[in-house]
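First comes the structure, then the notes that go with it.
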Amino acid sequence: MTGPQRATLAVLAVAIANAIVVEVLFFTAADTPEPMLSVGRFLGLHAAVLLALQLVLVARIPWLDRRLGMGQLTAWHRWVGITLAWTVVVHATLASWAYARIRNWPFGKLADAWLGSLGTLAGIIAGTLLLIIVLTSIRTVRRRLPYELWHALHLGMYAVVGFAIVHQTVENPISQPATWAKVYWWVLWTAAIGAFVLGRIALPLWRNARHGLRVSAVVPESDDVVSVHVTGRDLDRMPAQAGQFMLWRFLTPARWWQVNPFSLSTAPDGRGLRLTAKAVGSGSAGLRHLRVGTRVFVEGPYGAFTSQHRTQTATLLIAGGVGVTPIRSLLEELEGSIVVLYRARSEADAPLLGELRRLAAAKGAQLHLVTGRTGATKPTPLGAEHLLSLVPDIRQRDIYVCGPSAMTNAVLETLRGLGVPRAQLHYEIFALAD
């Protein structure tokens, strides 16, 4: 069993075990005379478990992140979030309807009762914030929002957790009268919040205090691409690997509140780190104006887009646009037979191409720059025929793909159609390249 498979099994086992416990709690509790209210409470209990699971999925637990990667964890987080939102909506609808029927209250009187109850009001606030977060995370909406604004809105999830716990504690004294049930819920919330605090707060604070990161150089790579070099203390003890990324925060008066995900564009060498970014938003566009000596706060390193998941001795690296950054760092680290395919509109639009050429020459790797518009040339760039012509032994290679989502998804579909085993496909959808 591979590392990703073990991690997936662990997450599923924890989720299923908690669902079973909750259902035992529900069916062994005192019966509710109103069936609609009973179903509403049943969904409410499961919503609490889903919310705790959401915390764990975004806790950036190193053991999970290194095996699954943020892409997989984020995908699960998205689907759990959608499920949670629908569960909360149906829970609130059924519970409200049931209470109105039991007490024979019109909606106005029911609303007055809601506003006068701390537990119910906390639940309403939690549900409203959750729906705002879910709606702004729909892809069509998300693409219209600056990353910084979307990130700020997403921070509201922490308030959702707080109000949900107040709702659960006040409305149903932590959901059950039985002592062992209370113990279960407090253990669940303590574990979920503890994992989150450890992964998202304690570990980043400790690492930044230890390494004392600062900008050492800012190097323009082209008109809209810049590299930022960072140094610090004891960087040989930072567990960073080629292919990973970090969440970067540059501590200037104008930028301290902005956080952006950027991949490492060189393999970590214990002396310094480098990120390379394209100006696609206010955060990345302002990097070229950073001053040497600026303090840096990072979260990470994150991601499973690393060489530790290789299954073959030969490798194919496929990059698109500024998604080349983790590919470039992997090329620096990897050994053996390596082929690099770099997709760009033109040679002028290919960041770090010079470095790739020098690395490829030094390692004896093949480098192919694939330019031109899709559909304008035959065979289709990075289509099945094109890939087989460039890499005849493609099925015997581990394949790393990073680029804009449209390119990455199209290439992955082609590779699966060519019969490349799933375990040999490693990918990172570089959202900022979109």
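Everything quoted here is computed from the prediction, not taken from an experiment.
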Please find the pair of heavy atoms, one from [X] and one from [Y], that lie closest to each other, and give the distance.
X: N208; Y: V298; answer: ND2-O, 2.7 Å
X: L203; Y: P62; answer: CD2-CG, 3.9 Å
X: L369; Y: A344; answer: CD1-CB, 4.4 Å
X: L334; Y: S307; answer: CD2-CB, 3.7 Å
X: C402; Y: I327; answer: CB-CG1, 4.2 Å
X: W185; Y: A48; answer: CZ3-CB, 3.6 Å

Practice task
Please say whether the positively charged group of R295, taken as NZ for Lys or CZ for Arg, lies over the ring of F250, i.e. under 6.0 angstrom from the six-membered ring centre and within 45 degrees of the axis.
Solution key: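 Cation-pi check for R295 and F250: fails.
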
Practice task
Establish, yes or no, whether the cationic atom of R249 lies under 6.0 Å from the six-membered ring centre of W256 and within 45° of the ring axis.
Solution key: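 So R249 doesn't make the cation-pi contact.
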
Do [X] and [Y] have side-chain N/O donor and acceptor atoms under 3.5 Å apart?
X: Y427; Y: N409; answer: no
X: Q241; Y: Q308; answer: yes
X: R397; Y: T315; answer: no
X: Q168; Y: W189; answer: yes

Side-chain heavy-atom pair [X], [Y] within 4.5 angstrom cut-off:
X: T74; Y: L57; value: no
X: L317; Y: V339; value: no
X: N18; Y: L188; value: yes
X: V141; Y: R144; value: no
X: L205; Y: F297; value: yes
X: S227; Y: R288; value: no
X: L388; Y: R395; value: yes
X: T169; Y: W186; value: yes

Problem - Name of the residue among P261, P301, P204, S263 meeting side chain to side chain contact (heavy atoms under 4.5 Å, CB included) with M246 - result: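 With M246 as partner, P261, P301, P204, S263 yield a single side chain to side chain contact (heavy atoms under 4.5 Å, CB included), made by P301.
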
Handout entry: Option from V226, L287, V225 for which side chain to side chain contact (heavy atoms under 4.5 Å, CB included) with T276 holds
Key =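 For T276, the side chain to side chain contact (heavy atoms under 4.5 Å, CB included) check succeeds only for V225.
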
Handout entry: Trace of the side chain to side chain contact (heavy atoms under 4.5 Å, CB included) decision for H368 with V340
Key = CA-CA 6 Å; H368 302 279; V340 183; over 6 Å; no

Near [X] [atom1], under 6.0 Å, is it more than 12 heavy atoms from other residues, nucleotides or ligands?
X: Q5; atom1: CD; result: yes
X: W150; atom1: CH2; result: yes
X: W63; atom1: CH2; result: yes

Main-chain N/O of [Y] paired to [X] side chain as donor or acceptor, under 3.5 Å:
X: Y400; Y: G243; result: no
X: D398; Y: L316; result: no
X: N260; Y: W248; result: no
X: R60; Y: G199; result: no
X: H426; Y: F305; result: no
X: H77; Y: Q72; result: no
X: Q312; Y: Q424; result: no
X: R207; Y: G300; result: yes

With a cut-off of 3.5 Å and sequence neighbours excluded, list every side-chain donor-acceptor pair involving residues 210-217.
from: H211; atom 1: ND1; to: R233; atom 2: O; distance (Å): 2.8
from: H211; atom 1: ND1; to: D234; atom 2: O; distance (Å): 3.4
from: R214; atom 1: NH1; to: G293; atom 2: O; distance (Å): 2.8
from: S216; atom 1: OG; to: H229; atom 2: O; distance (Å): 3.2

Measure the spacing between [atom1] of [X] and [atom2] of [Y] and express it to the nearest 0.5 Å.
X: M407; Y: L382; atom1: CE; atom2: CG; value: 6.5 Å
X: T414; Y: H386; atom1: OG1; atom2: NE2; value: 12.0 Å
X: T136; Y: L145; atom1: OG1; atom2: CG; value: 6.5 Å
X: I61; Y: R67; atom1: CD1; atom2: CZ; value: 11.5 Å
X: L330; Y: L359; atom1: CG; atom2: CG; value: 11.5 Å
X: T325; Y: L264; atom1: OG1; atom2: CG; value: 8.5 Å

Exercise for the section: Using the side-chain hydrogen bond (donor to acceptor under 3.5 Å, both in side chains) rule, pick out the option among R328, E221, R274 that qualifies with S265. Expected result: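 Among R328, E221, R274, the one that satisfies the side-chain hydrogen bond (donor to acceptor under 3.5 Å, both in side chains) with S265 is R274.
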
Exercise for the section: Would you please indicate if the ring centroids of H167 and F163 are separated by under 6.0 Å? Expected result: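 Judged by ring-centre distance (under 6.0 Å), H167 and F163 do not meet the cut-off.
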
Practice task
Tell me whether the centres of the aromatic rings in F262 and F245 are closer together than 6.0 Å.
Solution key: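 Aromatic pair excluded; centres sit 6.0 Å or further apart.
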
Handout entry: side chain to side chain contact (heavy atoms under 4.5 Å, CB included) evaluation trace for Y184 with V22
Key = CA-CA 9 Å; Y184 164 75; V22 164; 3.8 Å; yes

Is the shortest side-chain N to carboxylate O distance from [X] to [Y] below 4.0 Å?
X: K363; Y: E335; answer: yes
X: R310; Y: E333; answer: no
X: R357; Y: E347; answer: yes

Practice task
Decide yes or no on side chain to side chain contact (heavy atoms under 4.5 Å, CB included) for D349 and T371, but give the supporting numbers first.
Solution key: CA-CA 9 Å; D349 293 314; T371 59; over 6 Å; no

Handout entry: CA sep, side-chain torsions, deciding dist, call: Y158, F196, ring-ring contact (aromatic ring centres under 6.0 Å, His included)
Key = CA-CA 10 Å; Y158 310 147; F196 181 86; 4.8 Å; yes

Practice task
Determine, stepwise, if the pair S137 / H154 fulfils side chain to side chain contact (heavy atoms under 4.5 Å, CB included).
Solution key: CA-CA 8 Å; S137 296; H154 227 65; 3.2 Å; yes

